[in-house]
Amino acid sequence: MTHREILEALSGLMLVLFVAMISSTIVSTALPRILGELNGTQTQYTWVVTATLLAATATTPIWGRLADMFSKKLLVQIAIGIFVVGSLLAGFAQDSGQLIAARAVQGIGVGGLQALVQIVIAAMISPRERGRYNGYLGAVMAVATITGPLLGGIIVDTSWLGWRWCFFIGVPIAVLAFALLQWTLHIAVPARTKQKIDYLGASLIAVGVSVLLIWVSFVGNNFDWMSWQSAAFVLPGVAILAAAVQVEKRAEHPVVPLDIVKQRTPALAIIASLAVGMAMFGGSVFLGQYFQIGRGYTPTEAGLLTIPMMAGVMIATTVTGQLVTRTGKVKAYIVAGTVVLVGGFLGLGFIDHQTPLWQLGLGMLLVGAGVGMTMQNLVLAVQNTASLRDLGAATGAVTFFRSLGGTIGVSVLGAVLATRVQSNITEHLAAAGMPAGKSSGGGSLNLSALPEAVQAIVRAAYGDATGHIFLISAGIGVVGLIAALLLPSIVLRTSLDLPEQAATTPAAKPEPVLAGRSGRD
């Protein structure tokens, strides 16, 4: 493809990525208001986020393998359709349970979009040149993460709109992206093969991960870590995942290609992605709640206050993308990014409900810069080791583990936050001579229904507890740093396929298409 054709295709892909990213970020500042109006609890707050991440995580490897077998363009459009259905269901939800279920449907589409966009780009552009275009995508991701919280805040603060439009607003954007891709995305269709999807392995992975994540979301709050309930979740979950590994070993075309995953570079990149995903998603998702419940800001103000983190993502991704293309190396930027990420979380680890905003802004800027320097480059490191025929599965694998890390991070840190908040509220109520009953506010996020004195205690409890989860995020980030340091020196190839595969890969076959578009998807 020429540079112009690549840019035309990227226009639709960037819009797809924008709508996928904004679906998560737009609710970050709106969730306290949404769950408050639906009389939701802290556990349900966490699950509104976790449901999307869990569905995206469980389906990402399947999307990746499908991309190696069928039209990537068609798969992207199918994912857009699923996303639209999930968005409409979420917008019409009448209670927290319906909202969580709708977000799970939305997550299936989001998982496809996030994985397929990277797969399509990798099928068009060599790893060496991809850093330059990843910078463009990083800028789009940053814009989505900057405008999402702000837009979500404005929507819930506008009386004639209401929180339901946080979900409805993505529908016209998705429809526009669908139409744009139809006219701009023209890539070769892979030659038909007799590959079969490993449905058994995919099902075992999805079930095993789901069981463990459900356990993580309830442990520490509904039952103890060392209890028979924990054993009832953990033992079956681990056994199912062990069975999945055995199935994947014997599968002719596994959903998660173990021969790629067990190589040094992909293995370490996946570990780093897992840690960075846990730290980034797990820590940042609660910032909107901190600003609104812990500090008393409106959703719009909370969106504005998160701009430093998103600005860090945008600047770091754009700059490092250009440098990667110029030098052909990525390890130095991954290592530097994990160092900056850990430093940012350490800075946020000591905040409370009275921390100066400049200190918060500096910590968020560092976290954003760390994410911008690591996320796309870790995917690039894995794609650089994969042949063109396994590109979808390899990209799906690293995206799967990154999403898995984010899901685990949100679940674990959400459970820790809920437990610590309840403990703080009980302690402060006792010190104030108030009974710690149903009026304590530990379970509900609807603060307007609480007495004014109790509201102040609940806000202080949330503000003081949030710093603790950032310290945990910093510890998780250290694991990513160690994995990054152990990475070998990576030189990105300039060819689209591995040199040894290029000579043996069958030529792409044209599909019958309308309007004279032959030989291209």
Side-chain angles (χ1 to χ4, degrees), residues 9-31 33-35 37-38 47-56 59-60 63 72-117 120 137 140-185 285 288 299-300 303:
L10 278 179
S11 64
L13 292 172
M14 288 191 292
L15 194 57
V16 166
L17 188 62
F18 178 82
V19 75
M21 291 293 299
I22 204 171
S23 68
S24 299
T25 60
I26 199 171
V27 299
S28 61
T29 52
L31 271 182
R33 182 75 61 84
I34 295 172
L35 270 295
E37 293 188 12
L38 295 177
W47 263 101
V48 170
V49 179
T50 303
T52 304
L53 290 173
L54 175 58
T59 57
T60 293
W63 286 111
K72 298 174 178 62
K73 174 179 176 178
L74 177 61
L75 288 172
V76 172
Q77 292 176 320
I78 291 173
I80 291 174
I82 296 173
F83 171 81
V84 168
V85 171
S87 299
L88 292 173
L89 291 174
F92 288 113
Q94 299 300 310
D95 56 46
S96 300
Q98 292 180 13
L99 179 60
I100 291 170
R103 290 280 289 170
V105 175
Q106 200 178 34
I108 296 174
V110 170
L113 296 177
Q114 290 180 339
L116 291 168
V117 166
V120 171
L137 292 178
V140 171
M141 292 171 64
V143 170
T145 47
I146 289 173
T147 59
L150 180 58
L151 185 58
I154 293 173
I155 288 174
V156 296
D157 281 341
T158 304
S159 58
W160 53 272
L161 285 176
W163 61 265
R164 297 183 186 277
W165 275 96
C166 289
F167 304 104
F168 291 149
I169 197 170
V171 173
I173 301 175
V175 172
L176 177 60
F178 186 100
L180 194 57
L181 284 173
Q182 182 64 30
W183 292 104
T184 62
L185 183 58
V285 76
T300 302

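Contact of the Ile34 side chain with the Phe167 side chain is registered, since non-hydrogen atoms from C-beta on lie closer than 4.5 Å. Looking at heavy atoms from C-beta onward, Leu180 lies out of side-chain contact with Leu185 at the 4.5 angstrom threshold. With a 4.5 Å cut-off on side-chain heavy atoms, Ile80 and Val76 count as touching. Counting heavy atoms from C-beta on, the side chains of Leu151 and Ile22 come closer than 4.5 Å. Under the 4.5 Å side-chain criterion, counting only non-hydrogen atoms from C-beta, Val48 is not in contact with Ser96. Looking only at side-chain heavy atoms (C-beta outward), Phe168 and Ser87 stay at 4.5 Å or farther from each other. You'll find the side chain of Gln98 stays beyond 4.5 Å of the side chain of Leu89, heavy atoms only. Considering only heavy atoms from C-beta on, Leu38 comes within 4.5 Å of Trp163 through its side chain.
Taking CZ of Arg103 as the start and OG1 of Thr52 as the end, the distance is 3.0 Å to the nearest 0.5 Å. Atom CG in Leu13 sits 10.0 Å away from atom CG in Leu116 (nearest 0.5 Å). The distance from atom CD1 of Ile78 to atom CZ of Phe178, rounded to the nearest 0.5 Å, is 9.0 Å. For the atom pair Leu15 CG and Leu181 CG, the distance stands at 8.0 Å (nearest 0.5 Å).
With respect to Ile82, the side chain to side chain contact (heavy atoms under 4.5 Å, CB included) criterion is satisfied by exactly one of Thr59, Ile108, Leu113: Ile108.
For the residue pair Arg164 and Ala93, the shortest heavy atom distance occurs at NH1-O, 2.6 Å. Shown here for Ala104 and Ala55, the closest heavy-atom pair between the two residues is O-CB, 3.0 Å. Across all their heavy atoms, Phe18 and Ile173 have their closest contact at CE2-CD1, 4.2 Å. Nearest heavy atoms, Val84 versus Ala174: CG2-CB, 3.6 Å. Residues Ala115 and Thr60 come closest through the heavy atom pair CB-CG2, 3.9 Å. Nearest heavy atom pair, residue Ile155 against residue Gly162, reads CG2-O, 3.1 Å.
Remark: side-chain polar atoms of Arg33 are paired, donor with acceptor, to backbone N or O of Val156 under 3.5 angstrom.
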